[in-house]
Amino acid sequence: VSFYDFMKDPRTVKDGVRQFCRDYEPDAGSLPGFYNMDSLEALDTMFLRWPGPECGVPLDVSFQHIDMEALMEDEYEEFIDDPTHTILTKILPRKHRKLKGLAKLDFHDVYDKSMIDSFAALTDPEVWEAVEAMKKAGEACNLFRKRMGEVMAVLPEEGVPHLVQGGLTIPFDAFADSCRGIINTSMDLLTCPEDVERAVGALTRFTVEKVIKASAQRGAKRIIMPLHMGVDNFMSPDNYEKYYWPNLKYCIDTIIKYGMTPIAFCEGKYDSRLEVLCDVPKGKVIYMFENADLVRIRDTVGKVACVAGSVPNALLAYGKPEEVEAETKRQIDILGRDGGFMMNCSAMLDNADHKNMHVWRDVTYKYGEYR
């Protein structure tokens, strides 16, 4: 099944998910969150490229984010003062061609007559086009969500519990990914770090508690946070500790406060952050690593949190079976001896060789037993 087919109708992967569960017998599983193509096409989205003729991407290739500047450097104060209005009238029109009419909206005056007068903008053809595009995108989202629910149901039907029941993009990453851009945010930490800190603070007050509370009310047990900006390559250890970690720590503490377990997926190289990650309540957090020194993980984070990872996806796709066996044993020897270790790949599992997957499964179940 191609990525194109899946992004058009996720039900196309139901049989594949079922067969995966039967072939590899995971103790838990989760399915990645995907954009639905019909919504992207309805909005004429610009910050993504997706498979198919619209973007010229091969049908069997996943979508790709494009790092873009949707919030200008001189708009920090506007965003901090009123994130909602800035997102509606600046960021959304810059990220979706069909939403350019939203830039003409202004609902700042709360006086009754002035508020009613503001509705006149809805007669503008570009504003009306934006409203229609959002309606089409919303309808496509509802249909995709319903169909994705059918796919998600396959896991428990096969006796595989869902590892995660919700997700949170921490405000620092949300601001970098979706507002200023990752490259610009990295530079802003050097030129105007206070503005970044204040903007992230505004977004935190705007979103975090509400999102986490809603997950708890749905009965979620574990919330995953993919961490994009925290890698060693994007900021110095000092800047990480001063600007990034407080935001991540707040999200971790809030998830725990609502009775759930945070899963922090530390993407990329994370060696210089390990000591900082230890500042969490013991036994309340799961850290998943893509690329960090296993011995140092064991001697730092492994003493306070559960660790997941990190057999390289490239090894599962292109390595030899004996290499997969050796790496699996190495990970268990280093991280699994005292418990608190979840065998996992290094990122969301994409291409992998079936022989390697079977070796990985068999070695984990045989060599990973506690005696």
Taken to the nearest 0.5 Å, the spacing of D82 CG from E78 CD works out to 8.0 Å
Surrounding NZ of K146 (heavy atoms of other residues, nucleotides or ligands, distance under 6.0 Å), is the total greater than 12?
no
Could you please spell out the steps behind the side chain to side chain donor-acceptor pair (under 3.5 Å) verdict for D23 and H358?
CA-CA 8 Å; D23 282 349; H358 282 289; 5.0 Å; no
Tell me which one of W50, F47, Y35, F3 satisfies ring pair (Phe, Tyr, Trp, His ring centres under 6.0 Å) with F63.
Y35
Smallest heavy-atom separation, V311 atom then L315 atom, equals CG1-CD2, 4.4 Å
Going by the angle between their ring planes, with limits at 30° and 60°, are Y24 and H354 parallel, tilted or perpendicular?
parallel
Are any side-chain N or O atoms of D44 and backbone N or O atoms of R97, one a donor and one an acceptor, separated by less than 3.5 Å?
no
Answer yes when E327 and R330 have at least one side-chain N-carboxylate O distance shorter than 4.0 Å, and no when they do not.
yes
In sequence, state the C-alpha distance, the side-chain angles, and the governing distance for E126 and K104, and then conclude on side-chain contact (heavy atoms from CB on, under 4.5 Å).
CA-CA 9 Å; E126 287 189 342; K104 298 180 179 181; 3.1 Å; yes
CE on M260 to CD1 on I252, rounded to 0.5 Å:
13.0 Å
Could you walk me through whether T300 and L277 pass the side-chain contact (heavy atoms from CB on, under 4.5 Å) check?
CA-CA 8 Å; T300 54; L277 295 180; over 6 Å; no
One thing to verify: whether K329 and D333 come together as a salt bridge, which I'm taking to mean a side-chain N less than 4.0 angstrom from a carboxylate O.
no
Can you tell me which residue among D188, T185, D195 is in a side chain to side chain donor-acceptor pair (under 3.5 Å) with R180?
D188
Would you call E275 and R296 a salt bridge, using N to O less than 4.0 angstrom?
yes
Count the heavy atoms belonging to other residues, nucleotides or ligands that lie under 6.0 Å from CG of L190, then report whether that count exceeds 12.
yes
Can you tell whether the side chains of E41 and K136 come within less than 4.0 Å, N to carboxylate O?
no
With a 6.0 Å cut-off (strictly less than), is the heavy-atom count around CE of M115, excluding the residue itself, greater than 12?
yes
Once you measure the plane-to-plane angle for Y287 and F289, does it fall in the parallel (<30°), tilted (30-60°) or perpendicular (>60°) bin?
tilted
Which donor-acceptor pairs under 3.5 Å do side chains of residues 223-241 form with protein atoms, sequence neighbours excluded?
from : atom 1 : to   : atom 2 : distance (Å)
H228 : ND1    : D177 : OD2    : 2.4
D232 : OD1    : S272 : N      : 3.4
D232 : OD1    : S272 : OG     : 2.8
D232 : OD1    : R273 : NE     : 3.4
D232 : OD2    : D271 : N      : 3.1
D232 : OD2    : S272 : N      : 3.4
S236 : OG     : N239 : N      : 3.1
Y240 : OH     : Y270 : OH     : 3.1

State whether F206 and K210 meet the cation-pi test: NZ (Lys) or CZ (Arg) under 6.0 Å from the six-membered ring centroid, and within 45° of the perpendicular axis.
yes
Would you call D9 and R11 a salt bridge, taking side-chain N to carboxylate O under 4.0 Å as the test?
yes
Would D109 and S118 count as having a side-chain donor-acceptor pair, cut-off 3.5 Å?
no
Answer yes or no: is there an ion pair linking R198 with E77, defined by an N-O contact shorter than 4.0 Å?
yes
Closest heavy-atom pair, V304 versus V280, reported as atoms and distance to 0.1 Å, is CG2-CG2, 4.2 Å
